[in-house]
Amino acid sequence: MASHLNQPHFQNPVKAREYLERIQWPNGPVCPHCGSVSKEHYELNGEAHRDGLWKCKDCREQFTVTVGTVFERSKIALNIWLQAVHFLCSSKKGMSSHQLHRTLGVTYKTAWFMTHRIRKAMEARSFVPIGGGGGTVEADETFFGTKPGANKHARGGYAHKNAIFSLVERGAKVRSFHVPNVTANTLKTILQSQMATDAHLMTDDGRQYLKLGPISASHETVAHTKGEYVRGNVHTNTVEGFFSLLKRGLIGTYHHVGSQHLQRYVSEFDFRYNNRTALGVTDAQRTDNALKGISGKRLTYRRTHAQ
Ligand SMILES: [Zn+2]
C-alpha cells in the first residue's frame, strides 16, 4: 500500500491549499472580511497575484483560505503543515516537537510553533453537555507534574501537583480540564456546565464526589477506598483507561509539559480520543477534522518552554 504521505496534498503546496479550501469551504469560499459565502467569489489568477488569492464578490476585498487561521502568515509550505497535522492526528500518543523537527526537516523552533498551533486547532468547539438522553458519564481526576512554585520534592498528597479532571461518556466522548484543585466546588461547576442533567454519573468514593448533591439523573460510586472497583455496571474503568493513555503520552512522548501549556496537551489527547477509530473515524478523517478547527484561532505567542 502506498504511504498516506504520497497523496498530492501532502507533497505539493498548491494541492495542499486546494485540499484545505475543500475542507474549510464546503459551501463555497467564505470571505473573512464580510462573512459572505458564495461560489461566485473568484480566484485572482494573474501573474501578479500570489497563489490562492480570492476576491469577494460582495465587499471586493481579497482573501486566502489561511486568513484568520492558525496557518496565517506562516512561511511553512502548506503541504508541510498538512503533514504535521497528519502526524499529530495519527500517532496515538502524540508526536514531540523534536520528533517532528527530525521527520519534517524543519528547525526545532519551527516544529515547536507548529505543534502548538495544531493543538490550538484541536481544541474542542462543542459546548453541548455530554451524556444527554440518559448516557453514562464517568468522572475522575488524575495528577501530573508539579505546579509552578510548588516544592518538587513534596511527599504525600497531591496539593503540589497539577490536577486534570475528565468526564467520559461511555461509548462516546471525553472532556478534560486542567483544574486548580479538585474540591467539590470546582468539580461541581464543571460537571454542571459540561454534563447533561439526565446523564447517569459514576465516580469513585472520593470525598469531593460525595458532596456533589443532585446534579444528574443518578450518581453511583465505587468504593475505591475499600478496594471495590466494579459493581455490576458501576465503575470508572473508561475514564481510567483514558488517563492511562494520556499519561503514557505526556510522560513517554512529551516528557516535560509546563503547567501553562498542560491544557493544550490534554485537549490534544481529548481530540484524538473523540475522533478515535472505535467511533468509526479513520486517520484521514481525523486529520480533516483537525483541519476544520484551524479557523478563528490565529494565535501568536512566544516560546516560553522547551517542548
Ligand atoms: Zn467580503
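Both counts, for ligands and for their atoms, begin at 1 and track the order of listing. Here the structure is a predicted model, which means the values were calculated and not measured.
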The Zn ion (ligand 1) to nearest N/O/S of His41 less than 2.8 Å: no

Ring pair (Phe, Tyr, Trp, His ring centres under 6.0 Å) partners of residues 272-292, not counting sequence neighbours, each pair once: Phe242-Tyr273

Residues Phe10, His86; criterion ring-ring contact (aromatic ring centres under 6.0 Å, His included); working and verdict: CA-CA 9 Å; Phe10 288 128; His86 170 79; 5.2 Å; yes

Angle subtended at the Zn ion (ligand 1) by Cys59 SG and Cys34 SG, rounded to 10 degrees: 110°

Sub-6.0 Å ring centroid separation between His219 and His200: no

Electrostatic pair Glu123-Lys292, nearest N-O below 4.0 angstrom: no

The Zn ion (ligand 1): angle it makes with SG (Cys31) and SG (Cys56), nearest 10 degrees: 110°

